[in-house]
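One structure is given below, encoded as structure tokens.
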Amino acid sequence: MSRLARAALLAACGLAVLLLTVLPRPADAPLGRVANVDGDGPQPRFDTPLDAAALRRAGRLVPDDETYLVAAPGADPLLQGNLKAAAQLYLAPSLPVQSLERAQWVLAYLEVEPDIPGRRLGSRLWLFDAEAAR
Amino acid sequence: MTGLVLAVAAVNAVLLAAGYGVLSPTLRGRPPVEWASYAGVALLAGAGLVGVALFVAAVLGATTGPVTFAVAAAAVSAAGLAVNASPRARTWLAAPDRGDRPRDAAGWESAVAIAACFGVVAVCAFAVVGGFRSSPWLDDAWGIWLPKGLALVDHGLDERLFAPNGDYVFFEVPDYPLWWSALTGLEVRLAGGLDVRAMNAQLALLTVGFVAAAARLLWGFVRPWLLWTGLLLVVASPELLRHSQSGMADLPLGIYLALFVLSAAAWLASGRPFYLLLVFAFGATALAVKTEGVPQLLLFVAIVSAVAGRTRAHRLPALGGAVACALATFAPWLVWRVANGIDARVPLSDALDPGYLGDRTSRVGSAIEALAGHVADPTQWLVVVPLALALSLAVAARTRELAWLAPALVVAAGFAFWTWAYWADRDEIDFVLATSSYRVVDALVLTAGLAVPVLAERLLRRP
């Protein structure tokens, strides 16, 4: 292949790649899937709606060397699992415990207003001192 | 985003440097361009062995923060540089020279090679951009792997979190190794602010490294237009890009197992000790990624040895030695598991018990259907696996050499392994197939993908 032909082929390929990135196409087309790179935020893609900003606040409030309990009374298993994992991410290095007796804090997902004093972190997320919760 | 890019770039720069330290005895005296061409191999070797060192350090009681990471990287590099100091070792481990590829490529072959190469580079670029801009879609990534990684950075391998107990909330699947957790936990911590996109960014870089490593290792042995079209077939598979944005550990496992098989086959075919070094590096890493890395690695190396070793029996002891060295790096984790009472999810005694298996034979058909559907669906992995199987049979029939059946047998064995795994698994079959079967096939597909250009090259050569 001559140098001119090779240069022309390189230019054509480069133009094709460039066009792939700038031309609009259906998002679900095969080439669209290759080139379509919508941006996500830094937070996890939870399976249920969880307030990442509220979780970050919890992480800042719970001291690194203290323990916490995650509670989501009446919530479905998917939300409970997501909340547990989210707490392990955002409250690290604080340690999650299985019982209220061992906890110094309680991170709770509540559908209704609690009748004990606590700090509202965001949508349905509350942080309580474990002493108050006992 | 800035913190994310800087953290991931910095970590991978260190991994790349460590990888080049490992490769230094193999590349000494080579021109800079050749050193650069091994970047993919270096990145994967560095990421693999530094990650293994981090994992072992955690088992020995260290946290996996930046200091331990730096020490691990330095240790891995130092090991390579120490070997580099020996002229005899350098000669023994020297990377292969260019193979005897055809000198005169037709114009159309050059055109196809250039276009395919461009396609590969374009998809890799999209993968990297997508990796840095996407959050993992698989909940296991942020629900299990990353929390473990953050705990390793903060607390090390703390029994309160990593072993079953009644007081603290311990992590699920405690039997899983921690290479992926250690690497991603470190990067997320360094990026600051809990940016989980670091997982996909690292996954994308490993994927690109895989493509580059495959191209480098096959260069000179496969004519360029076959090599680049073969790699394009793999990278253009929709599932590869989708998996690279999942945060999953299955894709790194598939990458390292595929390269392990390639390296093992290359050692048996060529007798170059350079490939034994890669067998060790890639094999040790595969073992440290997921629990199923162990049985798959042993199965694949057994098959490759059985079919290719018929005429290369004198090379089998060395291959066994490299695999044994890789297994030795996994031993500390096994000891820790035994000491902390962590069993496999399905005891081997059950998985081999005819009575236990006989009560659940209805699972077999579902497993076969699901796995076959994933590997043969052209909207997922294009025609990678069917093409590899067809080429393997065609080359074996044409050459009447059993060794060329190795790719087909590896794929078949992997398929059989996963069928058996689902047969023995305790979870509800439809649930477990829906949530995992699409990704456990990564090792089979990537191994098949590396075999396609090699098989095509052999088929096109004059007998």
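A quick note: this is a predicted structure, and the numbers were derived from the prediction, not measured. Side chains included, hydrogens not; waters and symmetry mates left out as well; all remaining heavy atoms used.
Side-chain contact between B:H155 and A:P93 is present, with heavy atoms from C-beta onward closer than 4.5 Å. Using a 4.5 Å cut-off on side-chain heavy atoms (C-beta onward), B:Y168 and A:T67 make contact. You'll find the side chain of A:Q43 stays beyond 4.5 Å of the side chain of B:V196, heavy atoms only. Between B:L161 and A:L95, some side-chain heavy-atom pair lies under the 4.5 Å cut-off.
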- side-chain contact (heavy atoms from CB on, under 4.5 Å) evaluation trace for B:L194 with A:R56: CA-CA 9 Å; B:L194 197 81; A:R56 286 186 198 278; 4.0 Å; yes
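Closest approach of A:G41 to B:S135, counting heavy atoms only: O-CB, 3.9 Å.
Interface check for chain B: of the options A:P42, A:A85, A:A92, the most heavy-atom pairs under 4.5 Å are formed by A:P42. When each of B:C117, B:A125, B:G166, B:P136 is scored by its heavy-atom pairs under 4.5 Å with chain A, the top score falls to B:G166.
By the neighbour-count criterion of 12 heavy atoms within 6.0 Å, atom CZ of A:R119 is sparsely surrounded, having that number or fewer from other residues, nucleotides or ligands. Within 6.0 Å of CD on A:E66 lie more than 12 heavy atoms contributed by other residues, nucleotides or ligands.
Rounding to the nearest 0.5 angstrom, the gap separating the CZ atom in A:R45 from the CG atom in B:L138 is 11.0 Å. Of the inter-residue distances, the one linking A:Q98 atom CD with B:F170 atom CZ reads 6.0 Å to the nearest 0.5 angstrom.
Contact residues of residues 140-154 of chain B toward chain A are B:W142, B:G143, B:L146, B:P147, B:L150, B:D154 (heavy-atom distance under 4.5 Å).
Under the salt bridge (charged side-chain N to carboxylate O under 4.0 Å, His left out) criterion, A:E101 pairs with no residue, sequence neighbours left out.
Judged purely by atom type and a 3.5 angstrom limit, B:R197 has no side-chain atom pairing as donor or acceptor with the backbone of A:G39.
For B:R242, no part lies near chain A; criterion is any non-hydrogen pair under 4.5 Å.
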